[in-house]
Amino acid sequence: MIRLSKPFIEEEEIDAVSEVLKSGNLIQGARVKEFEAAIQSYSGAKFAVAVSNCTAALHLSLLSLNVQADDLVLVSSFSWPSTANVICLCGAHPVFIDINPRTFNMDANSLRRTLTSLMSNNSISKKVKAIIPVHTFGQMADMINIMDVAKNFGVPVIEDAACALGAEYRNKKAGRYGEIGCFSFHPRKAITTGEGGMVVTDNETIYRYIRALRNHGLDSLSLTPKFIIPGYNYRLSDIHAALGTIQMSKIDTLIEKKVQQAKIYNNEFQNSSIRSPYTDEDAKHVFQSYVVKLDQDMATERTSIIRKLSDSGIQTTIGTYHMPMLEYFRIRYNHTPDTCPESFKVEQSLVSLPLHHELTTEEQATVAESLKALCQ
Ligand SMILES: *Cc1c(COP(=O)(O)O)cnc(C)c1O
């Protein structure tokens with residue numbers, strides 16, 4: 001089987017985890033602080049807080065911006081469901097913003113139009129609490145224009161950078177444009193801790209609040225135990241963090257490998273009906289996934305193409321989800337394909353191909369040839 005993805009784990013990682021297990025200090029020890037320091041210095045943010053996964057990171061980010069029942073949060077329509085789920089978990093409502101069909105990222109003009117209309121109504125404008133752009137598949141959204149719109153209306157931005165650790169836009173890293181950036185260390189992301197997430201910010205108030213929320217509401221700055229809010233337990237263990245620190249020492253190599261493999265695929269798909277990922281010249285794409293677009297008339301065949309590839313030993317999958325049409329959002333908010341038509345259309349024609357360090361050039365050629373043959 002040519003696998004879709006495979007985490008890069010060496011003896012070093014195994015040793016680091018064994019050491020934590022042998023030490024007897026499994027949580028709230030030095031390994032979490034080390035991992036936070038590694039992400040903090042790599043991202044260039046003032047503060048980093050490790051949490052149990054990126055969904056927790058997004059949830060706490062919204063709470064730290066005081067998102068409450070009946071508030072509105074503007075969010076890219078094309079993402080893994082957790083990006084919108086966390087809005088509902090705060091009792092608030094997602095307002096979906098359509099994507100640019102080339103980059104699959106939030107379209108700044110759609111954002112401007114929706115925000116202009118919401119902010120023109122006084123009772124509604126008070127409810128608009130945050131904007132969540134997503135850096136889809138490892139390529140950053142147009143953060144210059146998105147931040148311009150957000151600042152114009154004074155609405156804070158949370159970057160869903162789950163797939164974008166190491167990605168840049170005009171030489172500025174993912175997680176550094178918005179008030180808050182959130183990363184994932186799920187095994188399909190750039191580096192992994194099994195499960196894991198991180199919040200980065202320059203804002204000390206947000207930092208302190210998120211630290212309390214991840215740990216039962218305990219104020220991390222108080223010398224005596226002081227529970228200042230009802231918090232969660234969204235902590236990352238030292239077992240996971242030890243893995244993360246070792247992984248961080250390899251991040252540049254891991255990204256470079258994927259960028260090179262993406263070039264190989266790009267060559268394979270030249271002069272075919274299969275479109276390789278569009279890369280924005282302002283963006284450094286880190287290829288969390290290599291996702292191709294099928295011709296519109298092949299889109300109806302996608303499920304069978306994915307199945308046939310699997311039958312011939314090649315594991316592929318869809319790109320990601322058009323969230324307004326997921327059952328919960330569709331029924332609750334009466335969404336139709338006309339809510340964000342670009343992401344509705346794009347969703348059906350994307351296929352994510354195998355991409356990981358063990359994948360050989362020959363295997364990449366096999367994947368490309370097999371896909372091309374099925375699309376004729
Ligand atoms: C993976 C992913 C998440 C969720 O991350 P977890 O760490 O699995 O909770 C959220 N948003 C996007 C865009 C993702 O790709």
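Remember, it's 1-based here, ligands and their atoms both numbered in the order they're listed. Owing to the predicted nature of the structure, the values given are computational and were not obtained by experimental measurement.
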Check: Do the side chains of C375 and L294 get nearer than 4.5 Å, heavy atoms only?
Finding: yes

When only distance counts, is [X] in polar contact with ligand 1, meaning an N/O pair under 3.5 Å?
{"X": "H186", "value": "no"}
{"X": "K189", "value": "yes"}
{"X": "T55", "value": "yes"}

Next item on the list: Could you tell me whether ligand 1 has any atom less than 4.0 Å away from a heavy atom of A56?
Entry: no

Check: Below 4.0 Å from any atom of ligand 1, is there a heavy atom belonging to C163?
Finding: yes

Margin query: Tell me the contacting part of D160 for ligand 1: side chain, backbone, both, or neither, using a 4.0 Å heavy-atom threshold, strictly below.
Written below: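 The answer is the side chain.
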
Check: Considering only heavy atoms, does N53 approach ligand 1 within less than 4.0 Å through its side chain, its backbone, both, or neither?
Finding: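 For N53, the contact with ligand 1 is made by both the backbone and the side chain.
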
Under 3.5 Å, is there a donor-acceptor pair between the [X] and [Y] side chains?
{"X": "R31", "Y": "T245", "value": "no"}
{"X": "Y169", "Y": "H135", "value": "no"}
{"X": "N334", "Y": "T336", "value": "no"}

Notebook entry, point to check: Hey, which atoms in ligand 1 end up nearer than 4.0 Å to a heavy atom of T83?
Noted result: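 With T83 as reference, the close atoms of ligand 1 come out as 11 (N).
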
Margin query: Closer than 4.0 Å to some heavy atom of G196 - which atoms of ligand 1 meet that?
Written below: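 Listed by number with element: 7 (O).
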
Note to self: I'd like the name of whichever of S76, C54, P81 reaches closest to atom 6 (P) of ligand 1 through any heavy atom.
What the structure shows: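 Minimum heavy-atom distance to atom 6 (P) of ligand 1 goes to C54.
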
Next item on the list: Kindly work out whether a path of hydrophobic side-chain contacts (I/L/V/M/F/W/Y, heavy atoms less than 4.5 Å apart) joins V351 to V367.
Entry: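 Yes; V367 is reachable from V351 via cluster members.
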
Check: Should I255 and I9 be counted in the same cluster of Ile, Leu, Val, Met, Phe, Trp and Tyr side chains packed under 4.5 Å apart?
Finding: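 Different clusters: I255 never reaches I9 through Ile, Leu, Val, Met, Phe, Trp or Tyr contacts under 4.5 Å.
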
Margin query: Tell me if the aromatic rings of F35 and F185 count as close, with their centers under 6.0 Å from one another.
Written below: yes

